[in-house]
Amino acid sequence: MKISKIALSLSTVLLGSLMFSQNVTADTGRLVVYCSAQNTMCEQETLAFEKKTGIKTSFIRGGTGSILAKIDAEKANPQGDVWYGGTLDPHSQAGEMGLLVPYKSPNLQYIPDELKDPAKVKGNYSSAIYLGVLGFGVNTERLAKLKIPVPKCWKDLTDPRLKNEIQAADPQSSGTAYTALATFIQLWGEEQAYVYLKELHKNVSQYTKSGNTATRNTARGEASIGIGFLHEHSLEKEKGAPVELIVPCEGTGYEIGGVSIIKGARNLENAKKFVDWALSKEAQELSWQKGETHQILTNSQAKQSPYALDFKSINLINYDFDKYGSSDLRKRLITKWVDDVKLAK
């Protein structure tokens with residue numbers, strides 16, 4: 001399988017080490033951030049932005065699917081200003097649904113060309129702030145007690161010995177889970193992907209609301225395997241959990257983390273300043289220095305986390321963000337998953 005074009009282009013990002021600091025003048029007013037990143041990252045980024053700008057900033061945390069539904073429900077009277085973090089697909093769908101406003105940040109000059117305008121609807125409705133590799137984490141201690149070898153491939157997860165040993169997120173609320181669903185279809189085709197998902201379902205003990213919940217539960221030993229983004233598993237490993245990170249042998253998909261301004265934002269100018277912040281070297285480095293996450297950063301000036309994966313060495317699919325960022329396709333695939341997999345007898 002070919003390494004994706006974006007993966008190859010990120011070689012310059014991974015080597016970036018030049019210093020850059022954006023000067024932001026003190027400002028007034030408020031900002032409400034809908035955040036789909038990890039809670040610590042949401043907290044640290046909004047606190048640092050408030051300290052730097054003087055803009056009183058608050059955040060509401062939710063999975064990408066949940067936040068997309070919230071923004072859609074509030075479109076007549078928006079309560080949030082900017083959407084930060086989470087997989088690009090739902091951000092892209094929000095743009096397609098007319099829920100976002102375009103903004104071309106001056107800091108896009110530090111983002112690789114392939115990532116400057118990544119959403120389906122072009123015109124800078126969403127910007128790329130990080131990337132993450134899909135895979136699964138294995139609690140080696142729990143699996144050893146069961147005397148089951150560590151799985152290395154997606155297909156290994158259908159082993160009957162793993163019954164009730166796997167946790168994964170629900171694509172109805174989780175962007176992580178939708179990325180996995182889209183990845184399986186791109187690997188094997190839609191028909192075979194759903195055959196696989198039905199077999200996998202037999203081994204899933206719980207579909208969590210968000211991808212990082214499955215990650216934490218695996219680290220705590222509540223499950224042997226958690227499907228999710230590997231930068232989240234690496235955080236648990238850094239904390240001492242007996243977790244092994246697996247990039248599946250068949251190849252895998254990846255996410256682009258997005259930041260977008262909500263249409264009708266009450267604090268539009270402050271929202272633009274936050275997008276500038278999210279794309280800056282300072283903010284992106286803060287994500288791993290204090291935000292407890294190890295994604296691959298998109299700002300070519302930013303220093304990568306020592307725990308970040310090297311895209312060049314991973315067998316990635318050429319993930320079709322335009323196709324799987326479609327609102328209609330997303331709805332159809334998730335509905336099919338609910339009917340044919342989750343609720344099937």
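These values consider heavy atoms only, across backbone and side chains, with no hydrogens, waters or symmetry-generated copies. Counting begins at 1 with the first residue of the sequence.
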A.B. asks: Is there a donor in the side chain of Ser326 and an acceptor in the side chain of Asp328, or the other way round, less than 3.5 Å apart?
C.D. replies: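 Per modelled atom types, Ser326 and Asp328 side chains form no pair under 3.5 Å.
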A.B. asks: Given Ile261, which of Leu100, Val101, Asp81 fulfils the side-chain contact (heavy atoms from CB on, under 4.5 Å) condition?
C.D. replies: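 The single option meeting the side-chain contact (heavy atoms from CB on, under 4.5 Å) with Ile261 is Val101.
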A.B. asks: Heavy atoms, side chains only, cut-off 4.5 Å: are Tyr194 and Lys336 in contact?
C.D. replies: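 SC-SC contact between Tyr194 and Lys336 confirmed.
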A.B. asks: Please determine whether salt bridge (Lys or Arg N to Asp or Glu O under 4.0 Å) holds for the pair Glu282 and Lys52, giving the CA-CA distance in whole Å, both sets of side-chain angles, and the decisive distance to 0.1 Å.
C.D. replies: CA-CA 11 Å; Glu282 181 181 356; Lys52 190 174 186 70; 3.1 Å; yes
A.B. asks: Please confirm whether the backbone N or O of Ile185 pairs with a side-chain atom of Glu190, one donor and one acceptor, at under 3.5 Å?
C.D. replies: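 The answer is no, because no donor-acceptor pair under 3.5 Å joins these two groups.
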A.B. asks: What residue among Lys145, Arg142, Lys202 forms salt bridge (charged side-chain N to carboxylate O under 4.0 Å, His left out) with Glu165?
C.D. replies: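 Filter result, single survivor: Arg142.
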A.B. asks: Identify the heavy atoms of His233 and Gly228 that sit nearest to each other, and give their distance.
C.D. replies: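 Closest pair (atom of His233, atom of Gly228, distance): NE2-N, 4.1 Å.
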A.B. asks: Strictly distance-based, threshold 3.5 Å: is any side-chain N or O of His91 a donor or acceptor partner for the main-chain N or O of Gly85?
C.D. replies: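 Answer holds: yes.
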A.B. asks: Where do Leu316 and Gly253 come nearest, in terms of heavy atoms and distance?
C.D. replies: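 Closest heavy-atom pair between Leu316 and Gly253: CD2-O, 4.2 Å.
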A.B. asks: Would you say the side-chain atoms of Thr218 pair up with the backbone N or O of Ala214, donor to acceptor, closer than 3.5 Å?
C.D. replies: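 Between the backbone of Ala214 and the side chain of Thr218 there is a qualifying donor-acceptor contact (under 3.5 Å).
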A.B. asks: Are Lys281 and Asn107 close enough that some pair of their side-chain heavy atoms sits under 4.5 Å apart?
C.D. replies: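 Result no, sub-4.5 Å side-chain heavy-atom pair not found.
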A.B. asks: Holding to ring pair (Phe, Tyr, Trp, His ring centres under 6.0 Å), I want the full list of residues that pass it with His294, two or more places apart in sequence or in another chain.
C.D. replies: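 If we apply the ring pair (Phe, Tyr, Trp, His ring centres under 6.0 Å) test to His294, skipping adjacent residues, the hits are Tyr307.
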A.B. asks: Only one of Phe274, Phe49, Trp277 forms a ring pair (Phe, Tyr, Trp, His ring centres under 6.0 Å) with Tyr84, so which one is it?
C.D. replies: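 It is Phe274; the other options fail the test.
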A.B. asks: If I compare all heavy atoms of Ile334 with all of Leu181, which pair ends up nearest, and what's the gap?
C.D. replies: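 So the two residues come closest at N-CD2, 4.4 Å.
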A.B. asks: Which heavy atom of Pro118 sits nearest to which heavy atom of Phe321, and what is that distance?
C.D. replies: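 Heavy-atom minimum between the residues: O-CB, 4.4 Å.
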A.B. asks: Is there a donor-acceptor contact under 3.5 Å from the side chain of Glu141 to the main chain of Pro242?
C.D. replies: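 Absent.
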A.B. asks: Is any side-chain heavy atom of His231 closer than 4.5 Å to one of Val133?
C.D. replies: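 A side-chain contact under 4.5 Å is absent here.
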A.B. asks: Ignoring hydrogens and geometry, is there a side-chain-to-backbone donor-acceptor pair from Gln167 to Gly226 under 3.5 Å?
C.D. replies: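 Absent.
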A.B. asks: Restricting to non-hydrogen atoms, name the atom on Thr179 and the atom on Tyr254 that form the minimum distance, rounded to 0.1 Å.
C.D. replies: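 Closest heavy-atom pair between Thr179 and Tyr254: CG2-O, 3.9 Å.
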A.B. asks: For the residue pair Val259 and Ser126, establish whether any side-chain heavy-atom pair is separated by less than 4.5 Å.
C.D. replies: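 Not in contact.
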A.B. asks: Within the structure provided, determine whether Tyr110 and Lys116 are in side-chain contact (heavy-atom separation under 4.5 Å).
C.D. replies: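 Contact flag for Tyr110/Lys116 side chains = no.
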A.B. asks: Taking ring pair (Phe, Tyr, Trp, His ring centres under 6.0 Å) as the definition, give me every residue that meets it alongside Trp154, ordered by chain and number, with sequence neighbours left out.
C.D. replies: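 Checked Trp154 against ring pair (Phe, Tyr, Trp, His ring centres under 6.0 Å); matches are Phe136, Phe184.
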A.B. asks: Quick one: SG on Cys153 to CD on Glu250, what's the gap to the nearest 0.5 Å?
C.D. replies: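 The distance works out to 4.5 Å.
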A.B. asks: Without hydrogens or angle criteria, can the side chains of Tyr103 and Asp276 be said to hold a donor-acceptor pair below 3.5 Å?
C.D. replies: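 Distance-only check passes for Tyr103 and Asp276.
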A.B. asks: Are any side-chain N or O atoms of Thr176 and backbone N or O atoms of Ser174, one a donor and one an acceptor, separated by less than 3.5 Å?
C.D. replies: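 Judged by distance alone, no pair lies under 3.5 Å.
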A.B. asks: Going through the distances and angles, do Asp89 and Tyr319 end up as a side-chain hydrogen bond (donor to acceptor under 3.5 Å, both in side chains)?
C.D. replies: CA-CA 11 Å; Asp89 291 331; Tyr319 194 103; 2.7 Å; yes
A.B. asks: With a 4.5 Å cut-off on side-chain heavy atoms, are Ile71 and Lys75 touching?
C.D. replies: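 The answer is no; the side chains never approach within 4.5 Å.
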A.B. asks: Asp72 side chain to Leu68 main-chain N or O, any donor-acceptor pair under 3.5 Å?
C.D. replies: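 No, Asp72 side chain to Leu68 backbone: no donor-acceptor pair under 3.5 Å.
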A.B. asks: Any chance the side chains of Thr213 and Thr208 put a donor and an acceptor closer than 3.5 Å?
C.D. replies: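 Per modelled atom types, Thr213 and Thr208 side chains form no pair under 3.5 Å.
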A.B. asks: With no hydrogens and no angle check, do the side chains of Trp288 and Thr293 hold a donor and an acceptor under 3.5 Å apart?
C.D. replies: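 The criterion, which ignores hydrogens and geometry beyond distance, is not satisfied for Thr293 and Trp288.
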A.B. asks: Counting only N and O atoms by type, is there a donor-acceptor contact under 3.5 Å from the side chain of Arg266 to the main-chain atoms of Gln79?
C.D. replies: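 Side chain of Arg266 to backbone of Gln79, a donor-acceptor pair under 3.5 Å: no, none is there.
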A.B. asks: State whether the side chain of Asn299 and the backbone N or O of Leu279 hold a donor-acceptor pair below 3.5 Å, judged by distance alone.
C.D. replies: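 Yes, Asn299 side chain to Leu279 backbone: donor-acceptor pair under 3.5 Å.
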A.B. asks: So do the side chains of Ile55 and Lys273 get within less than 4.5 Å of each other, counting heavy atoms only?
C.D. replies: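 Side-chain contact under 4.5 Å: yes.
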A.B. asks: Examine the side chains of Glu74 and Tyr34 and answer whether a donor and an acceptor come within less than 3.5 Å of each other.
C.D. replies: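 Yes, Tyr34 and Glu74 have a side-chain donor paired with an acceptor closer than 3.5 Å.
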A.B. asks: Does any non-hydrogen side-chain atom of Leu245 lie less than 4.5 Å from one of Ser234?
C.D. replies: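 Heavy-atom side-chain distance check passes, below 4.5 Å.
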A.B. asks: Is the closest side-chain donor-acceptor distance between Glu232 and Asn212 under 3.5 Å?
C.D. replies: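 No, no side-chain donor-acceptor contact under 3.5 Å.
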A.B. asks: Between Lys122 (side chain) and Asp117 (backbone), is there a donor-acceptor pair under 3.5 Å?
C.D. replies: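 Yes: the side chain of Lys122 pairs with the backbone of Asp117.
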